[in-house]
There are 2 protein chains.
Amino acid sequence: MTTPAGRGRPRAFDREAALEQATRLFWTKGYEATSIADLTEVMGIGAPSLYAAFGSKEKLYVEALHYYGDNYQAMVWGRFFSAGTAREAVESFLLDSAATLTGCVVDIPRGCMVTLSSVGSEGHSELGELVRIGRAAALDRLEARLGRAVAEGELPASIDIHALGRFVQTVQSGMSILARDGASRAELEAVADVAMLGWDARTGNRDGTGT
Amino acid sequence: MTTPAGRGRPRAFDREAALEQATRLFWTKGYEATSIADLTEVMGIGAPSLYAAFGSKEKLYVEALHYYGDNYQAMVWGRFFSAGTAREAVESFLLDSAATLTGCVVDIPRGCMVTLSSVGSEGHSELGELVRIGRAAALDRLEARLGRAVAEGELPASIDIHALGRFVQTVQSGMSILARDGASRAELEAVADVAMLGWDARTGNRDGTGT
DNA sequence: CGAATTATATATCGATCGATGCAGAAATCA
DNA sequence: TGATTTCTGCATCGATCGATATATAATTCG
């Protein structure tokens with residue numbers, strides 16, 4: 001059913017697998033440093049097939065960003081969304097980030113593809129805006145969860161939701177850079193621990209139990 | 001005296017000013033995204049003059065990194081080194097980072113050139129190692145100051161110096177990314193405040209006075 | 001099997017990359 | 001001023017960039 005009627009030769013390579021390889025390469029090297037030759041090599045196809053299947057390098061990068069979001073973001077945000085309290089959500093977010101960004105959960109490149117993406121520095125302003133939006137979405141998620149916690153009475157209404165959200169975002173962003181420099185999962189988890197101490201102090205929870 | 005004897009035409013352009021412009025461009029766009037044509041334009045010289053004065057693009061980048069360290073790092077590390085206590089040192093480091101990384105002190109690009117440098121992804125492994133060393137040096141400075149604080153009795157010997165150092169480094173690294181995304185100085189200062197609360201909780205100082 | 005259709009591989013496009021050769025312009029010393 | 005030295009602008013180098021035209025190989029339907 002996915003192939004309508006189509007006479008003639010069907011697609012010969014696995015588009016999803018090729019996209020995954022492209023995603024990992026963009027993830028590792030960044031947009032500008034990744035050439036079409038690099039891509040065709042890891043994707044196992046020729047340049048014409050790449051352009052037939054994905055349109056252009058920019059469009060391929062956009063698809064890679066979506067592939068990344070669909071397949072890897074849950075490793076960091078999964079427990080965040082299912083947690084019962086904002087504190088558990090944030091702690092899970094940071095601890096799962098520590099594990100994921102160091103490639104300890106599955107074999108993936110170190111650091112966050114969205115966080116480390118420095119596209120948009122040059123002419124590719126559209127792509128730069130895209131990853132910038134991705135980073136802004138993370139802050140929105142954090143602040144929304146904090147707002148809910150205030151509404152539910154978990155957090156006092158006096159706290160600065162924006163500042164706390166920015167803080168968590170800052171720590172997680174910094175984790176990506178440290179992960180790229182070789183910091184271990186344990187080191188990043190220790191960073192998350194210290195960050196949560198700041199959380200407790202900020203929110204008035206001083207024993208660290210989170211309740 | 002700077003010009004030894006030299007017959008013939010002396011240097012016609014200001015090498016230092018040209019280097020500053022090159023530094024700002026590398027700082028803003030990164031190594032790979034900056035072309036020779038971009039450089040010659042902002043430096044106000046031709047390509048042959050650039051190569052005669054700096055040797056190559058890589059060597060120019062190395063000089064730009066040194067220029068950056070010599071001229072801008074003090075804005076972030078100055079009060080860190082002169083502070084009487086480790087807590088004041090770290091707090092100054094983060095607050096001065098908030099101001100500097102948002103371009104509020106002087107007109108400079110947002111974010112830290114060393115932190116945001118994503119060189120080394122590709123064949124330029126030497127440059128990547130260079131900026132990686134720069135980032136490691138920041139961690140060393142932080143840990144050395146914490147170690148001194150333990151030796152002087154400011155901090156208990158039980159604290160995890162490495163974890164605290166990594167934490168501060170993480171926050172400052174994350175600040176660069178947020179600054180690039182347009183976060184304001186006030187936002188980054190609020191982040192620094194929350195981070196210091198984590199510091200106080202970690203080190204047993206619960207009133208935030210630091211003494 | 002033959003006709004029709006489609007993906008692939010080879011080769012190459014113009015543009016730009018980092019880097020230079022060359023000749024003229026400019027400045028200093030005798 | 002003239003000889004010397006050095007820097008600069010123009011043109012261009014080979015290599016590689018992203019992207020394609022062309023032609024062959026491969027597959028399906030009639």
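Convention: sequence-line order gives letters A, B, ...; per-chain numbering from 1.
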Q.
Just N and O in the side chain of A:Y51: are any of them under 4.0 Å from OP1 or OP2 of D:dT20?
A. no
Q. Roughly, in whole Å, what's the span from NZ in A:K57 to P in C:dA15?
A. 19 Å
Q. How long is the line joining OH of A:Y61 and C1' of D:dG18, in whole Å?
A. 17 Å
Q.
Without decimals, in angstroms, what is the distance between A:L50 CG and C:dA7 P?
A. 14 Å
Q. Nearest to the side chain of A:I36 - C:dG18, D:dT8, D:dG18?
A. D:dG18
Q. Roughly how many Å is it from CZ in B:F54 to P in C:dG18, rounded to a whole number?
A. 16 Å
Q. Considering only heavy atoms, which members of residues 39-48 of chain A lie under 4.0 Å from some atom of DNA chain D?
A. A:A47, A:P48
Q: Could you tell me the separation between the CG atom of B:L60 and the P atom of C:dA19, rounded to a whole number of Å?
A: 10 Å
Q. Could you state the CZ-P distance from A:F13 to C:dA7, rounded to the nearest angstrom?
A. 9 Å
(Q) Below the 4.0 Å mark, does D:dC7 have OP1 or OP2 next to a side-chain nitrogen or oxygen of B:S49? (A) no
Q: Identify, with sequence neighbours excluded, every residue that meets side chain to side chain contact (heavy atoms under 4.5 Å, CB included) alongside A:L130.
A: A:V62, A:L65
Q.
Is the shortest side-chain heavy-atom distance between B:R145 and B:R141 below 4.5 Å?
A. no
Q. To the nearest Å, how far apart are B:K59 NZ and C:dG18 C1'?
A. 14 Å
**Q.** Which atom of A:L146 lies closest to which atom of A:A86, heavy atoms considered
**A.** CD2-CB, 4.3 Å
Quiz: residues 94-112 of chain B side-chain donor-acceptor pairs under 3.5 angstrom, not counting sequence neighbours:
from: B:D96; atom 1: OD1; to: B:R79; atom 2: NE; distance (Å): 3.4
from: B:D96; atom 1: OD1; to: B:R79; atom 2: NH2; distance (Å): 3.0
from: B:D96; atom 1: OD2; to: B:R79; atom 2: NE; distance (Å): 3.0
from: B:S97; atom 1: OG; to: B:F93; atom 2: O; distance (Å): 2.6
from: B:S97; atom 1: OG; to: B:Q172; atom 2: NE2; distance (Å): 3.1
from: B:T100; atom 1: OG1; to: B:D96; atom 2: O; distance (Å): 2.7
from: B:T102; atom 1: OG1; to: B:A98; atom 2: O; distance (Å): 2.7
from: B:T102; atom 1: OG1; to: B:A99; atom 2: O; distance (Å): 3.1
from: B:R110; atom 1: NH1; to: B:A179; atom 2: O; distance (Å): 2.9
from: B:R110; atom 1: NH1; to: B:A183; atom 2: O; distance (Å): 2.8

Q: Would you kindly say whether B:R24 and B:Q21 are connected by a side-chain donor-acceptor distance under 3.5 Å?
A: no
**Q.** Aromatic A:Y51 / basic A:K59 pairing, under 6.0 angstrom, 45° off normal
**A.** no
Q. What integer distance in Å separates A:E58:CD from D:dG18:P?
A. 11 Å
Q. With a 3.5 Å cut-off and no angle check, do the side chains of B:Y68 and B:Q73 form a donor-acceptor pair?
A. no
